[in-house]
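Report on the structure given below.
Below, all heavy atoms of this structure are taken into account, side chains as well, without hydrogens, waters or symmetry copies. First the proteins, then the strands, lettered A, B, ... as listed; each starts at 1.
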2 protein chains.
Amino acid sequence: MMAETRSKPSKGSKRASTRTGAPKATIKDIARAAGVSVATVSRVLNTPDLVVAKKRQAVLRALRRHDYIPNQTARSMISRRSRAIGLILPTLANPVFVPAIAAIEQELDRAGYALLINCCERDPARELAQARTLIERGMDGLLITGSEHLPDLPALLARHRIPHVSQDVSQDIALDKPMGPSIGLDNAGALAAAVDHLHACGHRRIAVLSGPVHNTPSVRDRFLSAIARIRHHGLICPDAWCAVSDDYDNHSTRIAAQRLLDCGEQPTAVALTGDLLALGLISECRARSLDIPRDLSIIGCGDTNMGQYADPPLTTIHMPFVEMGRAAARDLLSLIEDRKPPELSILPHELVIRQSVAAPANAHSAKTGRLRTNRL
Amino acid sequence: MMAETRSKPSKGSKRASTRTGAPKATIKDIARAAGVSVATVSRVLNTPDLVVAKKRQAVLRALRRHDYIPNQTARSMISRRSRAIGLILPTLANPVFVPAIAAIEQELDRAGYALLINCCERDPARELAQARTLIERGMDGLLITGSEHLPDLPALLARHRIPHVSQDVSQDIALDKPMGPSIGLDNAGALAAAVDHLHACGHRRIAVLSGPVHNTPSVRDRFLSAIARIRHHGLICPDAWCAVSDDYDNHSTRIAAQRLLDCGEQPTAVALTGDLLALGLISECRARSLDIPRDLSIIGCGDTNMGQYADPPLTTIHMPFVEMGRAAARDLLSLIEDRKPPELSILPHELVIRQSVAAPANAHSAKTGRLRTNRL
DNA sequence: CGGTTTGCTGAAAACGTTTTCAGACATTTA
DNA sequence: TAAATGTCTGAAAACGTTTTCAGCAAACCG
């Protein structure tokens, strides 16, 4: 009674015009309209069985009539869970992450979670600030992408005990300074596999063409691993055969390819750190009337489905970005629900054989390329 | 005094273990630690000038010590703004939208807004559900992408008076059933411009190669507009010259290209509805020893920066996806702040001349292709 | 028929903030 | 010196829910 007189008079005048002028029906309005208490309306919404049929009908009618939309913010307030997770990306300029995002979105949507996206533009300080903002916003968990973080980031995450999973993290970094569960792609292994494939096809003069290694640990891993693997096979790998392009477009790639092809001895095969580079390299070969794969074999490393657009279609190492996103999302949800996901999963890459690799034309190359027989 | 005895005893026992066991310092904890009221802490956070220096220092110290992160949910609760907006996409499988997302994210981040992303997988019913969820979550505004919506969607948006902007909407649809401010790309105009460019270069035998028109209004617009424009110039355009590929990969595109090139009379130029198609078409031409642009000119329509990877680099119509995202985000923010953005903006496309278009080899074709001189 | 159980309901507290209001001083003005 | 003004502060209300608790009937049990 007392309480009622206190709350009643405030009703009429309070709903003045907010900025949008939207009155937005609340649970109280529904309760009043249906002649029940707010508790009952809440019960109809969440545990309908606890409400006697007659009142339930009345409430449902009122809900429909006002077409009531519950306020998730208020719910989060009391449940202390937002059912939302935050994703921090290095950049969207590199479309590599898109399939992973799609998988994450799908996985979260299925579980009723929302996805907030932030790009830090490869700025670790910005990344940290965004993580902080996402924590402010009450995310139930965070998905961190890439390998370059400020040391404050793991500290922040730990202090606030926010569930988080890293994805696309370099293997050695993950082991070095672990930051919670991580999903990694075996970038090094992928290029080792690429080199192995070329080697198995008989190539002994193998070059490497890389995208810009600056600021992209995964590309750097691929590049260095390719070189290491070539040497591991006891093959020569002069500097001139380790080309780095400034960018992925046709022009930049061709310049790098020229450096590679213009040096005295020509390789019989090239391992690429990214599929996109194939297009430029193929252009350059065509300009020199070099047939692929007859005169030069090319193997990519699959960020994308780009390889299938090339001519000839590109033999490549498929990297499981979609699976990575899915795994990251699932592991994070597990973490949120107190199940412990694996600390570090490295997802398997896969050799996709198309038509850009063949045996070298002359067995001769196998000899000249050999440096020593028993190395490593 | 009374109030104090009421609130004190509840303190100790209440912070039992939540799921995460995270105690999370609240403004009350800070107030207690600094020996002031919560109001004062709040003032230090929001209007520091109102607090006398000594207490302010104490509060700041406490804030740092607990490394307090304010609860944005509680703030939203009382301010009734989330400082977040929701983006609904048709799909992420088509990377066309990615540059727009990047621009949106950037624009929102700058304004201190968060971005929630939902993909409806081209399912209008799902889109509607996602819009509802985003409203539940208290988004300050919604960004809707694409042209295919359930009629319930505009109704929902209107009923709840939620600021929203549509992007990538077909022009005629936008005018037909407007759904608030819209940012459109002039897909029809783009292909008209493409055809005009070919025509201006002397081509009179112009064919069209399109990506799948099913489920993609923008592609359909481009396709139909190209045909209409060809006829507008008084040129013939037999069905065999209007090819539709099932997909964008090399194989599918080549099959469609074959249909086009195998019919009796060969075109001297092809307008594409998407840059990606160029790669397959170029492959097919190469297989037939058709030189581009000598034997066949090709013009794309630019979803992406794909054209620069082609050989020869593709002359294309650039579509301003980045600008679209930026404009959509800005207009939405304007709307949220009660400024009225334009109802419908169509962003200008732009001809990008690279190397895939030249004058037709023989003036002969100009004659045979002409149907009537004065049409339209 | 008295007591227990059961089923359903509403009042009120709680979530973590911001904001309003009035009170406590300190300072200025008349 | 009294009054008026100004500066700073804390209590409490409010935001829209969920959940706890106690109360009230009705049904059941002996």
Which whole-number value in Å describes the distance from [X] [atom1] to [N] [atom2]?
X	N	atom1	atom2	result
B:Gln72	D:dC15	CD	P	19 Å
B:Asn71	D:dC15	CG	C1'	13 Å
B:Lys28	C:dT17	NZ	P	9 Å
A:Arg81	C:dG16	CZ	P	15 Å
B:His160	D:dG16	NE2	C1'	16 Å
B:Ile78	D:dC15	CD1	P	9 Å
A:Met77	C:dA13	CE	C1'	14 Å
A:Ile30	D:dT18	CD1	P	12 Å

[X] versus [Y]: any side-chain heavy-atom pair under 4.5 Å?
X	Y	answer
B:Leu335	B:Pro181	yes
A:Arg32	A:Asp29	yes
A:Leu115	A:Ile85	yes
B:Ile104	B:Gln167	yes
B:Thr26	B:Val38	no

Side chain of A:Arg80: nearest nucleotide among C:dC15, C:dT17, D:dT17? C:dC15
Closest to the side chain of A:Val36, out of C:dG10, D:dG16, C:dG16, is C:dG10
Does a side-chain N or O from A:Arg75 land closer than 4.0 Å to OP1 or OP2 of D:dT18, or not? yes
Among residues 37-58 of chain A, which contact DNA chain C at a heavy-atom distance under 4.0 Å? A:Ser37, A:Ala39, A:Thr40, A:Arg43, A:Leu50, A:Val51, A:Val52, A:Lys55
List the steps and the verdict of salt bridge (Lys or Arg N to Asp or Glu O under 4.0 Å) for A:Glu107 and A:Arg330. CA-CA 7 Å; A:Glu107 209 61 37; A:Arg330 287 197 181 150; 2.9 Å; yes
Taking every non-hydrogen atom, the tightest pair across A:Arg126 and A:Glu121: NH1-CG, 3.2 Å
